[in-house]
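Proteins get letters first, then strands, A, B, ... in listed order; numbering begins at 1 in each.
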Amino acid sequence: QARKKYVLLGLCTCCWLLLYYWGGLQECLLGLITHRRGEVARPWPDWLDRVLLPDYADQAELQHGGGPGESPRQRQQTWAGIYKDSHCRMDTCFDFARCQGQSGFRVYVYPPEKGERVSESYRKILTSVAESRYYTSDPREACLFVLGIDTLDRDQLSSQFVPNVDERIRGYPLWNEGRNHVIFNLYSGTWPNYTEDLGFNVGQAILAKASLNTEHFRPGFDISIPLFSKDHPQKGGERGWLVRNTVPPRRKYLLMFKGKRYLTGIGSDTRNALHHIHNGKDIVSLTTCRHGKDWEKHKDARCDHDNQEYESNGWELPFSDVIQWNQAVIEGDERLLLQVPSTVRAVGIDRVLALRQRTQMLWEAYFSSVDKIVLTTLEIIKDRVYSHISRNKLMWNALPGGLLVLPEYSTHLAHYPFYYLNLGISPGQEFTAVIHSTSPLVSQSQPIMKLLQVVSKSKYCSQIIILWNSEKPPPHRSKWPPMPVPLTVTDGRRKTSSRFLPHAAIETDAVLSLDEDTVLLTNEINFAFHVWRSFPERIVGYPPRSHFWDPVKRAWGYTSKWTNEYSIVLTGAAFYHRYYHHLFSHYLPSSLRALVDRTLNCDDILMNFLVSAVTHLPPIKVAQRKQYKEMPALQGSKTAPWANPEHFTQRQECVNTFASWFGYMPLVHSQFRLDPVLFKDHVSVFRKKYKDLERV
Amino acid sequence: MCASGKYSSRGPALIPRMKTKHRIYYITLFSVVLLGLIATGMFQFWPHSIESSAEWSLDRRSVHDAPLVRIPVSSPIPERGDLSCRMHTCFDVYRCGYNPKNKIKVYIYPLQRFVDDVGVPISSTGLSREYNDLLSAISDSDFYTDDVSRACLFIPSIDVLNQNSLRIRETAQALAMLPRWDKGMNHLLFNMLPGGPPDYNTALDVPRDRALLAGGGFSTWTYRQGYDVSIPVYSPLSAEVDLPERQPGPRRYFILSSQTAIHREYRVELERLKEENGEAVLLLDKCTNLSQGLASIRKRCYKGQVYDYPQILQESSFCVVLRGARLGQATLSDVLQAGCVPVIMADSYILPFSEVLDWKRASVVIPEEKLPEMYTILKSIPHRQVEEMQRQARWFWEAYFSSMKAIGMTTLQIINDRIYPYAARTYEEWNNPPIVKWSSVNSPLFLPLIPPRSPGFTAVVLTYDRIESLFRVITEISKVPSLAKLLVVWNNQNKSPPEELLWPKVAVPLKVVRTKENKLSNRFFPFDEIETEAVLAIDDDIIMLTSDELQFGYEVWREFPDRLVGYPGRLHLWDHEMGKWKYESEWTNEVSMVLTGAAFYHKYFNYLYTYKMPGDIKNWVDAHMNCEDIAMNFLVANITGKAPIKVTPRKKFKCPECTAIDGLSLDQTHMVERSECINKFASVFGTMPLKVVEHRADPVLYKDDFPEKLKSFPNIGSL
């Protein structure tokens with residue numbers, strides 16, 4: 001019995017323990033639940049009377065928006081009185097009325113005074129302005145003024161320091177307290193503390209200054225520009241030094257510091273700290289502490305840096321108005337310098353890859369030459385003046401960069417050939433054929449008649465425009481054959497460059513540019529159009545040409561011989577985006593277009609230069625049945641001008657003239673052509689979609 | 001616990017009675033007791049747990065229960081906001097530090113009711129519903145921390161959304177009394193209605209030391225760029241009225257002005273515009289004949305005609321948002337909600353979230369001076385762009401304006417992006433509406449670069465045990481001028497690769513990598529041995545490609561480094577009968593894939609294939625021992641939005657389809673399996689990323705009537 005009693009007792013205890021354990025388990029569970037809730041726990045209470053809480057503002061008051069406020073006119077006057085000098089904004093310190101004239105945005109440069117010493121860098125800046133398409137020599141139509149006085153170096157100890165600037169600018173009748181003036185500056189202040197003092201009163205002028213401090217930066221008014229040396233090229237400029245996207249994107253050095261005295265004002269504390277993170281292996285610091293002339297071309301440094309790291313508190317990054325720097329550099333805080341290595345290492349390879357390419361893109365678009373720096377400055381101001389016709393952030397930050405995107409053409413991204421992928425759309429399904437016609441219409445068997453037939457048969461053709469460039473007036477409508485698509489005849493005013501005028505009638509994304517004597521098949525057109533839709537930013541054409549460097553003549557050469565590679569396709573038959581018409585007519589200088597008109601030649605070469613400069617890519621040659629224009633005798637037309645050797649020399653000269661305007665050779669070679677998938681394959685002809693391309 | 005203690009004391013008391021009973025009774029009894037105990041336990045414990053969870057949700061109290069804090073008259077007042085403050089001068093980044101999650105931690109002060117020394121509260125409203133919503137949203141987010149010492153950002157629970165309800169001096173004193181105030185360092189204040197009559201300052205007038213200000217209605221003079229955050233003025237109407245999204249497109253009115261407080265001078269201008277353009281312009285004002293109250297808020301009138309507000313906004317393409325005494329207008333939020341493109345005319349106004357949002361894609365900003373030209377300016381905008389702006393406007397509202405939560409989260413994200421710039425959201429993430437995000441692609445190799453020829457390419461040969469064929473492939477490839485290295489991926493674990501002596505002698509380094517498992521994905525592993533950008537993936541039985549063809553393929557790849565450049569092409573087709581995708585290997589006029597039995601591509605895609613392949617595709621491929629090439633084609637097309645390039649003419653490949661499955665001939669089941677792969681992958685990617693093209697790349701002079709010996713790549717297309 002006693003045993004039973006114990007057993008009973010034992011069992012009882014077991015039960016007890018079990019229960020206890022179970023309770024504990026529950027407790028544990030409870031803890032788990034509440035703990036999990038604890039992570040998302042909201043110590044901000046869920047008030048019982050939440051619904052009874054008052055609105056933050058009376059609805060009527062909100063809609064009233066604080067009332068109409070004071071008279072706008074009055075306000076404008078008060079503002080102009082208060083917000084000037086260091087509080088300048090475009091609204092108060094810029095005279096918009098000056099830019100509203102017929103001539104639009106025009107920039108005037110004060111003529112240099114006699115005996116004026118102008119530094120190499122400033123001379124380059126002035127040249128850039130004078131050669132830009134905004135230059136005017138008439139101060140009355142100018143919207144913006146650039147000083148003739150060299151204000152780049154305001155270090156009193158510098159040999160290039162120009163004294164008495166204050167007095168001289170006050171003497172200018174157009175100075176007007178600096179309104180509508182832009183002042184370029186690279187160095188300010190002097191040893192030892194390098195203040196932002198320019199040594200003269202800038203007044204209401206826009207300051208385009210390198211290494212601007214955020215504290216003195218007038219947002220939306222001043223422009224931070226990159227520091228450049230006197231050796232910085234005027235035009236063109238080197239491409240970035242990134243030639244390949246190696247994966248993993250690690251280089252020998254992970255992080256580099258190049259000593260820069262002026263740029264950042266990195267103090268000695270920071271530099272000491274930099275020494276701490278220097279580990280001699282993948283993080284190196286090359287400090288140039290030599291005071292004086294040793295400033296770094298910081299943008300060049302960019303090119304060989306691995307991960308761009310800008311550590312400079314209070315430095316307004318160049319063109320920060322429009323460039324989104326966080327997509328291109330890793331910004332660090334000077335105070336967190338010691339964390340930089342871990343930060344940099346933590347950046348994923350996809351990001352590094354993107355950052356590195358982005359730096360290259362920005363360098364090529366805005367920094368590689370003085371021209372680009374100056375033009376960017378002007379374009380930023382122009383975007384502010386005409387804010388409703390300006391570039392959005394994507395245009396500034398995506399390829400090909402803001403300078404090549406002219407908002408006067410359109411502010412709509414889908415109207416450009418560059419953003420299709422970004423917007424997730426594809427180019428339009430139709431094209432407009434523009435036929436360049438120079439010979440009068442005499443017979444119905446002329447090549448142009450055949451061409452019209454062929455083009456209009458393409459199901460992608462939406463309309464045909466005949467650019468009438470003959471000396472005879474265009475024939476009556478009835479002379480043209482009936483067409484399934486609309487046919488327009490436009491007067492080209494006998495200018496060769498008019499073939500690339502942005503005719504308002506062109507509404508399709510694609511343009512098919514044709515010469516009147518072009519011989520093509522409908523299928524060839526269709527195939528090329530298909531190809532163009534895959535490469536909407538390039539020229540897609542048929543007959544190729546090539547350029548080469550002639551080491552004997554030390555000049556560029558041009559060849560129409562059959563070669564294994566090409567860099568030009570003739571625009572006598574080519575597809576391209578209609579935006580290039582706008583660029584051709586508005587981006588290129590009138591001098592180049594005048595050259596084209598004068599020589600009646602080279603228009604196609606210039607177009608190829610332009611498109612390759614924009615894309616950095618070669619054009620695309622597609623398959624064709626016959627060798628276009630290589631046929632010995634073309635009936636019905638006068639002697640072909642291209643048979644003339646002079647014509648050929650001219651083209652050679654054109655290539656060199658164009659290259660010198662661009663500052664480099666934008667043309668790129670390609671080694672392939674695109675053929676239909678089954679082109680000349682040994683499969684049944686009935687399988688082939690483009691069988692007639694193979695017929696001879 | 002104590003409850004069960006009670007039971008245990010009862011336990012022993014039962015024993016004496018049980019003596020006389022049989023054993024079976026004991027057991028029964030025990031069971032009963034046990035059950036009873038368990039049951040009681042449940043009863044005892046469940047209520048307990050409910051009680052404790054109730055405790056955890058922090059007692060549903062009333063706002064009025066918050067502790068009362070009396071502010072002494074002499075309590076210090078913070079300094080006025082310092083206009084030169086920037087993140088690096090007025091913000092203590094050490095509190096945020098390096099953080100693997102790259103998220104700032106935000107602390108919210110518990111609610112207190114501040115009163116001055118005579119007991120008058122500092123604010124006439126106290127905690128408003130909107131501010132409460134904002135704080136709850138933050139405390140629900142992963143920004144929140146309840147640990148003061150870990151916090152990087154502090155948010156006071158003092159509601160300063162509307163300056164009009166505040167007593168400036170006392171509010172400032174209350175702020176300074178916060179335990180962690182420390183000159184306002186790392187404190188964030190939310191204010192939507194700054195200033196007060198008559199001059200209406202554009203920033204909160206409450207002195208606040210170095211505190212960051214998220215303000216609605218900043219002007220360019222008060223906004224500290226890179227420090228403050230410009231936020232919208234929240235419109236409570238949006239919570240009350242449900243405006244379903246409208247398809248973008250032309251609407252009944254071209255321009256609509258719905259604001260009630262427009263300065264007379266501007267109203268005159270607007271009326272003139274209306275006269276000139278008639279029906280296209282609708283100019284509304286408040287209704288004078290309606291009784292005051294809620295009804296009048298939701299109505300607008302024009303010459304006695306009554307319109308519903310904000311519904312009427314949906315009837316117009318453009319809606320005018322003019323400045324009033326304040327720069328920030330709640331109307332902007334209503335207008336965006338209606339998908340109407342705002343025409344913002346408020347000089348010097350810093351648009352909400354302008355640090356990250358590209359307003360040029362969602363609005364038209366016109367200087368006030370140009371009000372008379374508004375109509376012409378708006379007319380010059382292409383229709384398609386207006387539609388895109390309408391869509392964009394609606395998206396901005398949905399993502400960033402629609403609730404206090406949206407506004408609060410956006411503000412914190414912006415500050416977060418500044419502190420961890422290397423993890424910042426991109427332009428596309430901020431600005432592209434979901435539908436665009438879905439279809440848009442940003443190629444990882446977007447820079448137009450033609451890499452130099454010199455480093456050449458690395459050939460990666462996947463092999464199992466076909467040594468003879470492998471050796472022939474190696475010998476053939478080694479003749480290609482640009483070959484830099486040969487990498488043999490030995491996928492057979494049961495057999496060692498042949499001895500070094502037996503391998504063919506080649507001029508370039510040859511390396512054999514033995515794999516741990518026989519997986520198809522091994523061929524796409526980003527081996528460190530691959531030092532070039534270009535990779536040639538080649539099967540161990542592709543012996544028919546000539547050296548010219550391979551070299552030409554490499555040259556073409558250099559011009560398309562972001563694409564797959566391969567030899568045999570394939571196509572996907574939509575099978576209308578079956579309603580699904582079909583794989584096509586016949587010689588067609590189109591190409592959407594190239595087989596990776598012989599293809600050039602960038603090494604980066606090896607990374608993507610190995611580490612970033614969506615869903616379970618990688619495992620699926622390894623399990624089925626098939627379709628790794630289709631998966632690669634999907635991956636590349638999806639991330640670049642571009643089609644592959646097929647090079648050189650048709651070639652008789654020895655059963656290119658069946659290289660993966662040894663010796664099996666091209667048969668129907670194989671094709672079915674490949675079709676299944678396409679359907680499977682398309683469902684994982686959620687779309688069909690493959691692009692169809694009709695072209696292939698040939699040498700410029702291919703089949704041209706030109707001396708063969710002068711051609712760079714004469715030996716192309718031989719069978």
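Taking 4.5 Å as the limit, every side-chain heavy atom of B:Tyr427 sits out of range of all side-chain heavy atoms of A:Asn397. Looking only at side-chain heavy atoms (C-beta outward), B:His263 and A:Ser71 come within less than 4.5 Å of each other. Taking the side chain as every heavy atom from C-beta outward, B:Arg129 and A:Val51 never approach each other to under 4.5 Å. Put simply, the side chain of B:Tyr266 reaches to within 4.5 Å of the side chain of A:Pro72, judged on heavy atoms. Residues B:Ser348 and A:Tyr83 fail the side-chain proximity criterion, which asks for heavy atoms closer than 4.5 Å. You'll find the side chain of B:Glu590 stays beyond 4.5 Å of the side chain of A:Val677, heavy atoms only. Looking only at side-chain heavy atoms (C-beta outward), A:His87 and B:Thr220 stay at 4.5 Å or farther from each other. Two residues are said to be in side-chain contact when any heavy atoms from C-beta on lie closer than 4.5 Å; A:Trp562 and B:Leu710 fail this criterion.
Although no hydrogens or angles enter the test, the distance criterion places a donor-acceptor pair under 3.5 Å between the side chain of A:Gln357 and the main chain of B:Phe446. The backbone N or O of B:Ser712 lies less than 3.5 Å from a partner atom in the side chain of A:Asn564, making a donor-acceptor pair. Looking only at distances, a side-chain donor or acceptor of B:Glu559 sits under 3.5 Å from a matching main-chain atom of A:Gln671. At least one donor-acceptor pair closer than 3.5 Å links the side chain of B:Asn589 to the backbone N or O of A:Arg687. Under a 3.5 Å cut-off, the side chain of A:Arg673 and the backbone N or O of B:Tyr702 do form a donor-acceptor pair. Panel note: side chain B:Ser440, backbone A:Asn422; a donor-acceptor pair is recorded below 3.5 Å.
When heavy atoms are compared at a cutoff of 4.5 Å, A:Leu399 approaches chain B solely by way of its side chain, counted from C-beta outward. In this structure, chain B has no heavy atom under 4.5 Å from any part of A:Ser426. Of the atoms belonging to A:Leu617, it is side-chain heavy atoms, and not backbone ones, that fall under 4.5 Å from chain B. Contact annotation for B:Ala643: neither backbone nor side-chain heavy atoms come within less than 4.5 Å of a heavy atom of chain A. Neither the backbone nor the side chain of A:Pro400 has a heavy atom closer than 4.5 Å to any heavy atom of chain B. The part of A:Val668 that comes within reach of chain B is its side chain, from C-beta onward, which places non-hydrogen atoms under 4.5 angstrom from that chain. Using a 4.5 Å cut-off between heavy atoms, A:Gln63 touches chain B through backbone and side chain atoms alike. Contact of A:Asp91 with chain B is made through the side chain alone, with heavy-atom distances under 4.5 Å. Neither the backbone nor the side chain of A:Leu52 comes within contact range of chain B, judged by heavy atoms closer than 4.5 Å. Within the 4.5 angstrom heavy-atom criterion, no atom of B:Gln259 approaches chain A. If you measure heavy-atom distances from A:His530 to chain B, the contacts under 4.5 Å come from the side chain alone. In this structure, the portions of B:Pro448 lying under 4.5 Å from any heavy atom of chain A include both its backbone and its side chain. For a residue to count as touching a neighbouring chain, one of its non-hydrogen atoms must lie under 4.5 Å from one of that chain's; by this rule A:Thr563 touches chain B with the backbone only. Neither the backbone nor the side chain of B:Asn606 has a heavy atom closer than 4.5 Å to any heavy atom of chain A. For a residue to count as touching a neighbouring chain, one of its non-hydrogen atoms must lie under 4.5 Å from one of that chain's; by this rule B:Ile108 touches chain A with the side chain only. Proximity to chain A is limited to the backbone of B:Thr588, based on heavy atoms less than 4.5 angstrom apart. A:Arg351 touches chain B through its side chain: at least one heavy atom from C-beta onward sits under 4.5 Å away, while N, CA, C and O do not. Interface remark: A:Phe527 contributes side-chain atoms only to the contact with chain B (heavy atom separation under 4.5 Å).
Summarising the geometry, atom OG belonging to A:Ser410 is positioned 10.0 Å from atom CD1 belonging to B:Ile381; distances are rounded to the nearest 0.5 Å. Rounded to the nearest 0.5 angstrom, A:Leu421 CG and B:Lys642 NZ are separated by 6.0 Å.
Side-chain contact, B:Lys360 with A:Thr411: no donor N or O sits under 3.5 Å from an acceptor N or O.
In terms of heavy-atom pairs under 4.5 angstrom with chain B, the leader among A:Leu394, A:Leu423, A:Val622 is A:Leu394. Most heavy-atom pairs under 4.5 Å with chain B, from the set A:Phe96, A:Tyr566, A:Tyr690: that is A:Tyr690. Heavy-atom pairs under 4.5 Å with chain B peak, among A:Arg73, A:Glu70, A:Lys688, at A:Arg73. Between chain A and the options B:Asp417, B:Leu193, B:Ile138, B:Thr331, heavy-atom pairs under 4.5 Å are most frequent for B:Leu193. Among the candidates A:Tyr420, A:Trp79, A:Tyr419, the residue making the largest number of heavy-atom pairs closer than 4.5 Å to chain B is A:Trp79. Per-residue counts of heavy-atom pairs under 4.5 Å with chain B were compared for A:Ala414, A:Pro219, A:Ser670; the largest is that of A:Ser670. Options A:Leu413, A:Val683, A:Asp675 differ in how many heavy-atom pairs under 4.5 Å they form with chain B, and the most are formed by A:Asp675.
Shown here are the salt bridge (charged side-chain N to carboxylate O under 4.0 Å, His left out) partners of A:Arg218, two or more places apart in sequence or in another chain: A:Asp222. For A:Asp49, there are no salt bridge (charged side-chain N to carboxylate O under 4.0 Å, His left out) partners, not counting sequence neighbours.
Between A:Arg75 and B:Glu265 there is no salt bridge, since none of the side-chain N atoms of the basic residue sits less than 4.0 Å from a carboxylate O of the acidic one.
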Test salt bridge (charged side-chain N to carboxylate O under 4.0 Å, His left out) on A:Lys621 and B:Asp698 and set out the steps.
CA-CA 10 Å; A:Lys621 171 185 162 42; B:Asp698 287 327; over 6 Å; no
Walk me through whether B:Asn132 and A:Trp44 qualify under side chain to side chain donor-acceptor pair (under 3.5 Å).
CA-CA 9 Å; B:Asn132 180 55; A:Trp44 188 254; 2.7 Å; yes
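Cation-pi geometry between B:Arg696 and A:Phe672 is not satisfied (NZ or CZ under 6.0 Å from the ring centre, within 45° of the ring normal).
The aromatic rings of B:Tyr234 and A:Tyr56 sit tilted, their planes meeting at an angle between 30° and 60°.
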